[in-house]
Amino acid sequence: MTTLEHDASRGRVRRSRPGSHLDALESHSIFVLREVAAECERPALLFSGGKDSAVLLRLAEKAFRPARFPFPILHVDTGHNFPEALEFRDRRVAELGERLIVASVQDSIDAGRVADVPPGSSRNRLQSVTLLDAVAEHGFDALIGGARRDEDKARAKERVLSFRDALGGWDPRNQRPELWHLYQGEVGPGEHLRAFPLSDWTELDVWQYVAREGLELPSIYFAHRRLVVQRDGMLLAVGPWVQPRPGEQVEEATVRFRTVGDATCTGAVRSDAASVEAVIAEVATSRVTERGATRADDRFSESAMEDRKREGYF
Amino acid sequence: MSGPDPARGTVLDPTSAGTELLRLAAVGAVDDGKSTLIGRLLHDSRQLLDDQLSALAEASQRRGLAEVDLAFVTDGLRAEREQGITIDVAYRYAATPRRKLIIADCPGHVQYTRNMATGSSTAELVVLVVDARHGLREQTRRHLCIAALLGVRRVVVAANKMDLAGWSEEAFSSVMAEVTSLARRLGMEEVVGVPVSALHGDWVVEPSGAASWYSGPTLVEALEQAPVDEAAGGPARLPVQWVVRLPGGGRSYAGLLSGSGLRPGDAVVALPGGLTTTISSIRTFDGPLEEASGPLSVTVHLADDLDVGRGDLLAPVAEPPTVTSEVEATVCWFGTKELAPGQRYRLKHTTRTTRAVVRAVSGRLDVNRLASEPAGSLAPNDIGLATLAVATPLAVDPYRVSRATGSFILIEEGTNATVGAGMVGPPPIGA
Ligand SMILES: Nc1nc2c(ncn2[C@@H]2O[C@H](COP(=O)(O)OP(=O)(O)OP(=O)(O)O)[C@@H](O)[C@H]2O)c(=O)[nH]1
Ligand SMILES: [Mg+2]
């Protein structure tokens with residue numbers, strides 16, 4: 001498969017080879033990043049430690065090197081992290097020499113901005129408050145994120161540059177028209193934009209790009225042995241925030257993660273895929289979507305994502 | 001990578017490594033079946049995964065429907081499901097052995113024409129969905145016009161609800177005759193037609209016994225076979241998007257190149273200023289290029305140290321665009337107020353935003369007769385010809401020569417709403 005070829009001629013003079021869909025996606029994403037940097041006064045790039053944000057960082061390098069990124073990297077930390085993701089975050093930020101801002105959900109809780117969830121529950125939804133507080137504190141007018149339209153039916157409706165009102169809300173009934181590549185970044189005081197350079201990428205595209213670019217990812221994306229417990233139809237990793245409840249069986253299984261998010265609501269999948277190539281084969285033939293397999297937060301109701309997005313969630 | 005599951009649809013194959021990208025949009029009048037058709041296409045080609053299927057079944061059940069409503073595949077907003085109508089474009093992704101498809105399911109309601117234009121502005125092909133019982137409605141014609149104005153050259157007609165039209169060959173032929181003559185006048189190249197029932201699935205992914213008189217492709221085959229636009233065409237254009245300050249001093253200019261064949265050594269002019277220089281190198285992060293064709297995000301170095309910044313345009317000296325302070329353009333108007341002479345907007349063209357004032361509106365398009373009629377202003381969802389004066393000269397090409405330099409948007413002061421889509425030049429409509 002041609003898209004997996006490593007570019008042996010890297011660094012040498014070559015012709016551009018348009019035609020590969022990854023090249024087309026890449027060029028467009030770079031364009032979006034540069035457009036946001038140019039149109040907005042204070043953008044920030046959201047980084048979660050997951051595969052989509054790893055791809056975003058590579059695209060930012062392609063857009064802005066040899067100069068530094070024209071925005072800081074922002075991590076909204078729920079406090080319920082996989083240690084591998086945090087370690088990966090700190091290492092990548094250090095390698096890149098860029099500035100990291102951590103906005104902590106725990107701080108929002110301590111400051112009384114939001115009430116904590118009961119032990120063992122997901123803080124995923126609380127992130128919106130912390131995120132919007134960070135927007136206000138730093139005066140961000142654009143947040144660049146790695147969300148993709150293939151993840152969810154509400155995301156499938158969203159613009160590449162998506163407008164948020166002064167309360168951080170998304171109004172899906174009244175989105176700005178977005179024609180051609182003429183992205184419109186005008187916002188009034190207190191309003192901001194969310195920018196999604198990976199809008200048109202699928203999970204498979206992301207993995208093919210990871211392979212092509214030789215990107216490093218947190219180790220939990222690949223098969224490993226781990227203690228898990230079955231809950232709400234998902235395999236949750238047993239750890240500081242997830243303890244077996246009465247009646248639940250702890251088992252050791254070979255698993256990997258398809259997404260990396262809040263550890264209390266991100267499920268693992270049984271998998272032997274230990275390499276990027278094996279993951280690509282698995283993703284291509286999976287009969288379950290990324291979120292369907294792994295995200296408990298989307299299971300509460302039919303429009304869980306739409307409702308969270310209306311409140312300011314990423 | 002393991003081979004495709006033989007039980008899967010043979011033509012659409014999510015495991016395929018198809019490397020051509022085809023962007024298409026489903027358009028047509030409200031309720032003619034666009035969303036049901038896209039849902040059917042994805043469903044029957046097994047591109048919907050198990051959790052999506054059970055969520056669809058649940059959502060349909062909850063609304064008391066006897067069968068799964070395949071329109072819910074793309075109608076993902078709560079309001080859309082409640083009202084049974086598409087409000088905004090949904091994007092879905094599918095693959096054939098050769099191609100990756102990016103599918104935009106557009107709303108048909110006239111109130112959401114702006115969202116249909118959004119979904120079609122990046123499409124190379126439209127699937128025009130027509131209820132075969134009624135033939136073309138005004139909104140069907142409007143959509144085809146907008147698609148044609150946006151430069152879409154290929155149309156696949158899905159003559160839908162053939163089950164309700166008694167699988168009548170006459171109904172199909174009359175839809176095809178109407179679309180073909182319209183498309184010809186709109187300068188579109190190719191019209192392929194397929195009689196389908198989105199509701200029951202005939203001729204969408206699988207041929208069926210219905211329509212014994214039909215022997216053409218299924219809808220999916222028509223999409224797989226449609227020619228894809230050649231990668232690049234037209235003169236090279238590089239709107240400067242971002243100036244990269246190099247650590248050792250000096251600058252390079254980043255932007256999305258469109259058009260064909262830019263090389264180091266080419267003489268270029270920086271517009272609207274008009275200074276000329278030579279391209280000394282073209283690079284991406286992955287290294288220097290000896291030739292670059294669009295669409296490609298690149299950075300270039302110039303031989304001379306010119307005052308060039310965001311909003312300027314680099315173009316070959318041999319084939320420059322026109323620099324002008326007055327633009328005549330075909331405008332799709334989405335504003336809630338009228339577009340009328342004297343009104344002021346911000347105008348974004350390539351990477352430059354400037355102020356603009358409407359000098360004149362010289363006509364509006366009657367989409368039923370496909371003819372221009374006199375008009376002094378444009379009402380919401382009108383298409384017309386307007387002349388705008390801009391505060392900073394723009395380097396423009398006719399839209400049919402270059403989408404990148406022939407297009408602009410109008411932004412309303414105060415609300416920051418995007419209220420118009422402009423295409424430089426008159427509408428390309430023949431007799
Ligand atoms: N009998 C029959 N009904 C159909 C067929 N296709 C669609 N319908 C019905 O027509 C109605 C409208 O279908 P939609 O798919 O929502 O139409 P749409 O074109 O997407 O509408 P908008 O997006 O709102 O413009 C629904 O009740 C469908 O079940 C068909 O082939 N046969
Ligand atoms: Mg619809």
Side-chain angles (χ1 to χ4, degrees), chain A residues 1-3 7 10-16 18-21 23-24 26-28 30-31 34-35 37-38 61-67 149-150 153-154 156-157 172-173 175-182 184 186-188 199-200 202 277 280-281 284-289 292-293 302-303 306, chain B residues 1-2 5 14-15 17 19-21 49-52 59 74 76-79 87-93 100 102 114-115 117-118 121-122 231-232 241-242 244-247 254 256 284-293 295-297 310 334 348 351 403 407-409 411 416-418 421:
Chain A
M1 125 175 187
T2 47
T3 50
D7 189 355
R10 182 165 297 175
R12 293 216 314 269
V13 173
R14 63 197 166 81
R15 278 161 180 268
S16 69
S20 147
H21 78 280
D23 291 339
E26 178 189 72
S27 258
H28 177 251
I30 291 171
F31 175 78
R34 287 173 175 161
E35 208 56 10
E61 286 183 89
K62 294 203 176 197
F64 302 110
R65 290 295 186 241
R149 285 171 175 156
D150 83 327
K153 58 189 182 307
K157 295 269 163 184
R173 297 196 69 136
Q175 301 193 83
R176 288 177 179 174
E178 187 168 79
L179 287 116
W180 303 288
H181 296 151
L182 289 172
Q184 212 248 90
E186 316 255 352
V187 292
S199 286
D200 282 335
T202 64
E277 285 68 26
I280 289 175
T285 53
S286 171
R287 289 302 305 165
V288 184
T289 66
E302 186 181 330
S303 50
E306 180 182 340
Chain B
M1 184 168 158
S2 61
D5 175 351
T15 71
T19 56
E20 253 174 26
L21 205 52
L49 304 186
D50 295 344
D51 54 309
Q52 294 172 316
T74 53
L77 298 175
R78 201 196 337 238
I87 292 170
D88 212 329
V89 198
Y91 295 89
R92 300 288 309 211
Y93 305 82
K100 294 255 175 188
I102 299 183
R114 59 181 193 272
N115 298 335
T118 293
S121 67
T122 50
Q241 196 187 4
W242 184 253
V244 186
R245 298 274 194 81
L246 304 177
L256 183 65
T284 68
F285 180 80
D286 296 300
L289 299 169
E290 65 182 30
E291 183 182 329
S293 290
L296 189 70
S297 281
R310 176 172 167 86
F334 314 125
K348 185 173 184 190
T351 53
R403 278 197 195 193
S407 61
F408 61 84
I409 54 172
I411 303 162
N416 290 329
T418 302

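To find a chain, count down the sequence lines: A is the first, B the second, and so on, and within it residues start at 1.
Chain B forms the most heavy-atom pairs under 4.5 Å with one residue out of Glu61(A), Glu26(A), Arg173(A), and that residue is Arg173(A). Contact count versus chain A (heavy atoms, under 4.5 Å) is highest, among Leu256(B), Thr122(B), Ile102(B), Thr351(B), for Leu256(B). Most heavy-atom pairs under 4.5 Å with chain A: of the set Ala421(B), Ala417(B), Ser407(B), this distinction falls to Ser407(B). No other option in Arg149(A), Gln175(A), His181(A) has as many heavy-atom pairs under 4.5 Å with chain B as Arg149(A). Interface summary for chain A: among Gly76(B), Ser121(B), Ala79(B), the most heavy-atom pairs under 4.5 angstrom belong to Ser121(B).
Side-chain contact between Pro295(B) and Ser27(A): absent, with no pair of heavy atoms (C-beta onward) separated by less than 4.5 Å. The closest side-chain heavy-atom distance from Asp286(B) to Lys62(A) is below 4.5 Å.
Taken from OH in Tyr93(B) to CG in Asp150(A), the straight-line distance is 7.0 Å, to the nearest 0.5 Å. Atom NE2 of His28(A) is separated from atom OG of Ser297(B) by 9.0 Å, given to the nearest 0.5 angstrom. With rounding to the nearest 0.5 angstrom, the CG atom of Leu49(B) is 6.5 Å from the OG1 atom of Thr289(A). The distance from atom CG of Leu182(A) to atom OG1 of Thr418(B), rounded to the nearest 0.5 Å, is 9.5 Å.
Using a 4.5 Å cut-off between heavy atoms, Phe334(B) touches chain A through its side chain atoms alone. In this structure, chain B has heavy atoms under 4.5 Å from both the backbone and the side chain of Ala38(A). Of the atoms belonging to Arg114(B), heavy atoms from both backbone and side chain fall under 4.5 Å from chain A. Residue contact with chain A, scored on non-hydrogen atoms closer than 4.5 Å, involves the side chain of Ile411(B) exclusively.
Residue Lys348(B) forms a salt bridge (Lys or Arg N to Asp or Glu O under 4.0 Å) with just one option from Glu35(A), Glu178(A), Glu186(A), and that option is Glu35(A).
Using modelled atom types, one side-chain atom of Lys157(A) and one backbone atom of Asp88(B) make a donor-acceptor pair closer than 3.5 Å. Listed for the Gln241(B) side chain is a donor-acceptor partner under 3.5 Å among the backbone atoms of Phe31(A). Side-chain atoms of Gln184(A) come within 3.5 Å of backbone N or O of Asn416(B) as a donor-acceptor pair. Judged by distance alone, with hydrogens and angles left aside, the side-chain atoms of Glu306(A) form a donor-acceptor pair with the main-chain N or O of Arg78(B) at under 3.5 Å.
Counting non-hydrogen atoms of neighbouring residues, nucleotides and ligands closer than 6.0 angstrom, the CZ atom of Arg65(A) exceeds 12 such neighbours.
Taking the charged nitrogens against the carboxylate oxygens, Arg287(A) and Asp50(B) do have a contact shorter than 4.0 Å, which makes a salt bridge.
Closest heavy-atom contact between Val244(B) and Phe64(A): CG1-O, 4.0 Å.
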